[in-house]
Amino acid sequence: MLLSIAAALLLSLAPPQADTILSVADARADFDVLRSALEEAHGGLYRFATKAEVDARFNAYRARLTSPISKRDYTAFIATLLATTRDGHTRLEYDSVTTAALTNAPLFPLRVVVEGNKLIVQFNDTPADSTILPGMEVVSVNGRPVSDVLTTMRPMIPGDGFIPTGRATRLGRSFAQNYWLFIERAADFTVTARDDAGRTVAATLAGVVTADRAKNTNPVNASLTANIALFDGPRNNISLRFARDTTIGILKVRGFEAETFPVALDSVFRLLREKGTKSVILDLRGNGGGVDLFGARLVGSFLDKPFRYFDRIHLRSIRPSFATWKTSTFENHAKWTIADPSGGWLATPELHGGVAERQPGATPFLGKLVVLLDGGTYSTAADVTATLHHNRRATFVGEESAGGYEGNTSGLNARVVLPHSGLRLNIMVYDYWNPVSPAEKGRGTMPDVVIQRRVSDLLRGVDPQMEKAVELARP
């Protein structure tokens, strides 16, 4: 989407407020610093577009900087540009003044999810309002139609490739923050909402400071909170429970983090063997990723032959001019990369073990496997789903993964700070490529059975994705 459209919407939706103004020279200078850093070091800058196309896009954006611009609108400008890289790991950080103000600001007091083109209330984070209930559709906020608000926000939401589920998930999660950043900085919010029967209600709600959001225990959330806790199981990073006695194991992995991950994973698979479990449901919903090699270890726990986890990891630069890495990082890059004939460098197994041939687990689980995935299945979790899918090891239920089937740009990063606006960006250096054969470029792992878990399902005490997985997992 052209910036002019996003900018026009911002101007029409947001009332004038005091803001730092950047001169044309300063705005262009920051833009040039950002462009230079991206061109020098971003591993996947040309993953979804040719260099000529990317150059033309940069030139077109810079040409729009023809008059002084507020820091607020400049942030929207840069966020929209970065989203066009289709790199979901590219996250813009705000200047220190904006960050501090955001931390202490009263924000939109509802937690929401995006379901199709609708904004659905998941939790009411006010202390006691009982008018706006979980499951209702938000129709307008302070007189602004939600459709217009979402249209303004969408171009600024980063995501991998052309995957809609991940962007929708992020749009819901970041709604309150982005409303404050790009729509208006209000203390109170008049919300119009509609229930399943079509009844419309309205309430004026006070904003909630982020630190206070979790402290509120509004009783209208009680039923949904209890159902989610029941469906998601123990809060451990890795947990195992059983359905139908011990015939079906449900393995939940929340993230690929913590030094104890390998030990915890091994204990799970020992228990599966001891119990004689016939089928496993691997629940990766909402798993945002983590350590690459932990993902490879999980994949190996379901395979009985050597496999490739990453086909290659490409770097545009092994020594970015703006990087502040440790000396050993620069040395390792110089020592453990080789020149890529197509340009740049390739990581060797000494630099990253993920590009080496991987061995299966000592005693892998080889029974029936069903994988649950959704718009929160990202980064390492998406690499796991892609590798299992490529090896035809599982049946997949849920939604398209948020992370790319072919890989992503992440891992090591180098920070660039724009001197005049104070905006900051960690530029991702490693361009990961999975050893897969995609059906469509720039998409995620596609489920065999497409089912979306909606707030209305959770309110009814139903998890349709898990129910289908249990049905498919029956021996």
**Student:** Does Tyr74 have any ring pair (Phe, Tyr, Trp, His ring centres under 6.0 Å) partners at least two apart in sequence or in another chain, and if so, which?
**Tutor:** Phe77
**Student:** Please determine, by modelled atom types, if Asp340 and Ser342 share a side-chain donor-acceptor pair under 3.5 angstrom.
**Tutor:** yes
**Student:** Would you kindly say whether Ser421 and Asp30 are connected by a side-chain donor-acceptor distance under 3.5 Å?
**Tutor:** yes
**Student:** Does the Arg170 side chain pair with the main chain of Gly88, one donor and one acceptor, at a distance under 3.5 Å?
**Tutor:** yes
**Student:** Has Asn59 got more than 12 heavy atoms of other residues, nucleotides or ligands less than 6.0 Å from its CG?
**Tutor:** yes
**Student:** Test ring-ring contact (aromatic ring centres under 6.0 Å, His included) on Phe189 and Phe108; report intermediate values, then the result.
**Tutor:** CA-CA 7 Å; Phe189 302 85; Phe108 186 69; 5.6 Å; yes
**Student:** Within the supplied structure, the quantity of interest is the number of heavy atoms (other residues, nucleotides, ligands) at a distance under 6.0 Å from Glu357 CD; does it exceed 12?
**Tutor:** yes
**Student:** Parallel under 30°, tilted from 30 to 60°, perpendicular over 60°: which one fits the rings of Phe31 and Phe58?
**Tutor:** perpendicular
**Student:** Side chains of Thr98 and Asp95 only: does a donor on one sit below 3.5 Å from an acceptor on the other?
**Tutor:** yes
**Student:** Using a distance-only test with no angle check, is there a side-chain donor-acceptor pair under 3.5 angstrom linking His352 and Asp292?
**Tutor:** yes
**Student:** Have a look at Asp431 and tell me which of Arg312, Arg47, His42 forms a side-chain hydrogen bond (donor to acceptor under 3.5 Å, both in side chains) with it.
**Tutor:** Arg47
**Student:** Distance only, no hydrogens: is a donor on one side chain within 3.5 Å (strictly under) of an acceptor on the other, for Asn408 and Tyr378?
**Tutor:** no
**Student:** For Lys118, I'd like to know if atom NZ has over 12 heavy atoms of other residues, nucleotides or ligands within 6.0 Å.
**Tutor:** no
**Student:** Tell me if the CG atom of Asn104 is crowded by more than 12 foreign heavy atoms within 6.0 Å.
**Tutor:** yes
**Student:** Is any side-chain heavy atom of Leu458 closer than 4.5 Å to one of Leu224?
**Tutor:** yes
**Student:** Can you list everything that forms a side-chain hydrogen bond (donor to acceptor under 3.5 Å, both in side chains) with Thr348? Sequence neighbours excluded, please.
**Tutor:** Glu350
**Student:** Does the distance from a Lys or Arg side-chain N to an Asp or Glu carboxylate O, for Lys51 and Glu39, drop under 4.0 Å?
**Tutor:** no
**Student:** Between Asn178 and Ser174, do the side chains contain a donor N or O and an acceptor N or O under 3.5 Å apart?
**Tutor:** yes
**Student:** Verify the distance criterion only: is there a donor paired with an acceptor across the side chains of Asn426 and Arg415 at less than 3.5 Å?
**Tutor:** yes
**Student:** Report the C-alpha distance between Trp345 and His333 in whole Å, list the side-chain angles of each, state the deciding distance to 0.1 Å, and finish with yes or no for ring-ring contact (aromatic ring centres under 6.0 Å, His included).
**Tutor:** CA-CA 9 Å; Trp345 288 263; His333 277 178; 9.5 Å; no
